Structure formats: C-alpha cells, structure tokens
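Remarks on the structure that follows.
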Amino acid sequence: MQQAKTFDLDQLVSDLRAAATGEDAVEQIRLLLQKAVQDPQLTWSSMPAFENDETILFEDDSISIWHCRFQPGHTVPAHDHQMRATIAVYHGAERNDFFEKMPSGELKRSETVEVTAGDVLQIKPDAVHAVGCASQEPCCGIHVYQGNLTQVERSLFDTDSNLAMPYSKENYARLTRAD
C-alpha cells in the first residue's frame with residue numbers, strides 16, 4: 001500500500017536549520033526547498049493561514065526562514081540581502097526584477113525572473129532585486145536567507161531617483177508600490 005504524500009512545515013524548518021550548518025549548505029537548502037514545493041497544491045493545502053504577509057518562521061545567526069506572501073498589484077522596493085537567498089514558490093507567481101549597479105551609481109534593470117508554483121530561485125549575496133506578485137492571486141513562498149536577515153545592515157533602492165538608503169520599515173513602506 002502506498003503511503004500518502006504529506007508536507008510538514010515544522011519538519012521543513014528543522015531540516016533547513018540542519019542544512020544551514022552542514023556541508024554544501026547552498027545546495028542542501030535548494031534541494032530541501034525543491035522537494036517542499038514539488039507538489040505545490042499539497043504544500044498550499046498544508047500551510048497554516050498566516051495573518052501577516054511576512055512571517056519569520058525561524059531565525060538565528062546561520063539562517064532566516066520566512067513565509068512571504070505578495071499581493072497582486074504590489075511590488076516591494078529594490079533591496080539587497082547581503083547574504084545568499086533561496087526562494088521556493090508554492091502558490092501563484094513571483095516576479096523578481098534584478099538590477100545591476102552601474103559605475104555611475106545608477107541602477108539598471110538587468111533581468112526579470114518569474115518564479116511560479118513549484119519553482120526555486122537562488123540569489124547571490126550582492127544581488128539587488130524588487131519583488132512583485134505576477135499572478136491574479138497572492139503569491140506565496142518560503143524564503144530562506146543564509147544568515148540573520150533582521151540583524152544585517154542592508155539597503156533599499158529608489159529605482160526612480162537611483163538613491164540608496166538604509167533598509168528601514170519607514171523607507172520600505174514609502175517605496176512599496178501598487179502596480
């Protein structure tokens with residue numbers, strides 16, 4: 001008799017924590033997230049109903065694990081992480097607009113990557129990207145950062161004026177856009 005497939009968020013968090021301090025953490029985190037979203041409908045139906053669009057599931061010096069929900073028609077400002085990020089989408093589609101820092105200090109959009117349900121994307125520590133919902137329904141995913149995201153000095157970027165500024169709740173709210 002075949003055992004029913006399941007998705008357990010607590011187990012995923014535990015496995016990601018172990019992977020973060022193990023050998024080849026980058027690849028192990030990617031593989032764990034790939035497995036977690038391989039059946040997006042199962043993951044979607046197994047997730048708790050999160051009250052907030054951004055929920056920290058776990059964070060310490062080695063890893064930050066967030067549940068992120070992006071609403072249709074909204075884009076969060078361009079920002080950096082200062083650490084590697086791995087994104088796994090299980091519902092909807094997430095648009096990542098990447099920017100290149102030019103020698104003049106300007107930001108130039110270099111690439112747009114759409115991450116749909118079942119996809120995993122890895123982002124290098126120095127990448128600058130803006131994130132928006134690319135679907136008619138909210139986009140939901142697990143975002144894993146290889147470090148303590150809330151404790152690192154990061155930047156936000158106003159892509160209209162090419163101004164960089166400290167990452168703060170106030171600056172984030174001011175730069176968040178309705179598409």
Side-chain angles (χ1 to χ4, degrees), residues 4-17 19 26-59 63-81 83-99 107 109-125 127-146 149-150 154 156-157 159 167 169 171-179:
K5 289 182 179 180
T6 61
F7 172 80
D8 183 332
L9 181 59
D10 291 334
Q11 186 61 55
L12 175 62
V13 169
S14 178
D15 292 345
L16 288 166
R17 289 176 63 193
V26 172
E27 180 64 6
Q28 292 308 308
I29 288 168
R30 185 191 67 76
L31 289 171
L32 286 166
L33 289 174
Q34 190 171 17
K35 183 178 177 188
V37 298
Q38 70 185 355
D39 183 344
Q41 186 57 43
L42 173 66
T43 307
W44 168 251
S45 65
S46 302
M47 276 293 172
F50 291 103
E51 186 175 320
N52 298 315
D53 285 343
E54 294 181 348
T55 303
I56 300 174
L57 303 174
F58 179 82
E59 187 169 65
I63 193 167
S64 298
I65 306 167
W66 293 49
H67 179 270
C68 295
R69 177 175 54 223
F70 299 99
Q71 299 297 333
H74 286 87
T75 299
V76 301
H79 59 278
D80 59 23
H81 297 120
M83 61 189 69
R84 182 172 295 277
T86 306
I87 298 166
V89 173
Y90 67 87
H91 185 73
E94 180 180 303
R95 183 190 72 251
N96 286 265
D97 295 318
F98 288 92
F99 295 87
L107 286 180
R109 187 182 315 245
S110 59
E111 177 181 24
T112 296
V113 177
E114 193 168 292
V115 187
T116 59
D119 291 342
V120 175
L121 173 69
Q122 290 192 306
I123 301 172
K124 293 181 180 177
V128 173
H129 73 141
V131 183
C133 181
S135 51
Q136 296 299 317
E137 67 276 350
C139 172
C140 299
I142 304 296
H143 290 215
V144 175
Y145 308 95
Q146 289 181 253
L149 188 65
T150 61
R154 304 167 53 202
L156 288 167
F157 301 88
T159 56
Y167 194 105
K169 288 181 183 181
N171 288 337
Y172 184 89
R174 186 172 57 80
L175 293 173
T176 297
R177 299 179 181 175
D179 297 333

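Since we're looking at a predicted model, the values are computed, not measured.
With sequence neighbours excluded, the residues forming a side chain to side chain donor-acceptor pair (under 3.5 Å) with Arg30 are Glu27, Gln34, listed by chain and number. For the ring-ring contact (aromatic ring centres under 6.0 Å, His included) test, residues two or more places apart in sequence or in another chain that qualify with Phe70 are His143. By the side chain to side chain donor-acceptor pair (under 3.5 Å) test, Thr43 is found to be paired with no residue, residues two or more places apart in sequence or in another chain being considered.
At least one donor-acceptor pair closer than 3.5 Å links the side chain of Gln122 to the backbone N or O of Val26. Under the 3.5 Å distance criterion, the side-chain polar atoms of Asp8 are matched with a main-chain donor or acceptor of Asp10.
For the pair Glu137 and Pro72, the tightest heavy-atom approach, listed with the atom from each and the gap, is C-CG, 3.6 Å. Considering every non-hydrogen atom in both Ser135 and Ala93, the closest pair reads OG-N, 3.1 Å. Here the closest heavy-atom approach between residue Glu114 and residue Ala134 is recorded as OE1-CB, 3.6 Å. What you find for Phe99 and His129 is that their closest heavy atoms are CD1-CA, 4.4 Å. Counting all heavy atoms, side chain and backbone alike, Leu33 lies closest to Ala88 at CB-CB, 3.7 Å. Between Pro125 and Arg84, the shortest heavy-atom distance links the atoms CG-N, 3.7 Å.
Between Leu16 and Phe58, the closest side-chain pair of non-hydrogen atoms is not below 4.5 Å. In this structure, Val89 and Cys139 have side chains that are in contact, with non-hydrogen atoms separated by less than 4.5 Å. The side-chain heavy atoms of Ile65 and Arg17, taken from C-beta on, include a pair separated by under 4.5 Å.
Between His79 and Tyr167, the two ring planes are perpendicular [angle over 60°; tilted spans 30° to 60°].
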Requested in this report: Start with the C-alpha gap between Thr116 and Asp119, add the side-chain angles, then the distance that decides, and say whether side chain to side chain donor-acceptor pair (under 3.5 Å) holds.
Outcome: CA-CA 6 Å; Thr116 59; Asp119 291 342; 2.8 Å; yes
Query - Intermediate values then yes/no, side chain to side chain contact (heavy atoms under 4.5 Å, CB included), Met47 and Phe7 - result: CA-CA 8 Å; Met47 276 293 172; Phe7 172 80; 3.6 Å; yes
Requested in this report: Would you please test Val131 and Arg95 for side chain to side chain contact (heavy atoms under 4.5 Å, CB included) and show each step?
Outcome: CA-CA 6 Å; Val131 183; Arg95 183 190 72 251; over 6 Å; no
Query raised in the report: Does the side chain to side chain contact (heavy atoms under 4.5 Å, CB included) test come out yes or no for Leu9 and Ile142, once each step is laid out?
Result: CA-CA 10 Å; Leu9 181 59; Ile142 304 296; 4.2 Å; yes
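Interatomic distance, Asp39 CG to Ser45 OG, rounded to the nearest 0.5 Å: 7.5 Å. For the atom pair CZ (Arg154) and CE (Met83), the distance works out to 7.5 Å, reported to the nearest 0.5 Å. Here the straight-line distance linking atom CG of Asp80 with atom CZ of Phe157 works out to 4.5 Å at 0.5 Å rounding. Note that CD1 of Ile123 and CD1 of Ile87 are 3.5 Å apart. Values are rounded to the nearest 0.5 Å. Rounded to the nearest 0.5 angstrom, Lys35 NZ and Asp15 CG are separated by 7.5 Å. To the nearest 0.5 Å, atom NE2 of residue His67 and atom OG1 of residue Thr55 are 7.0 Å apart.
Screening Val144, Ile56, Leu57 for a side chain to side chain contact (heavy atoms under 4.5 Å, CB included) with Trp66, the sole residue that qualifies is Ile56.
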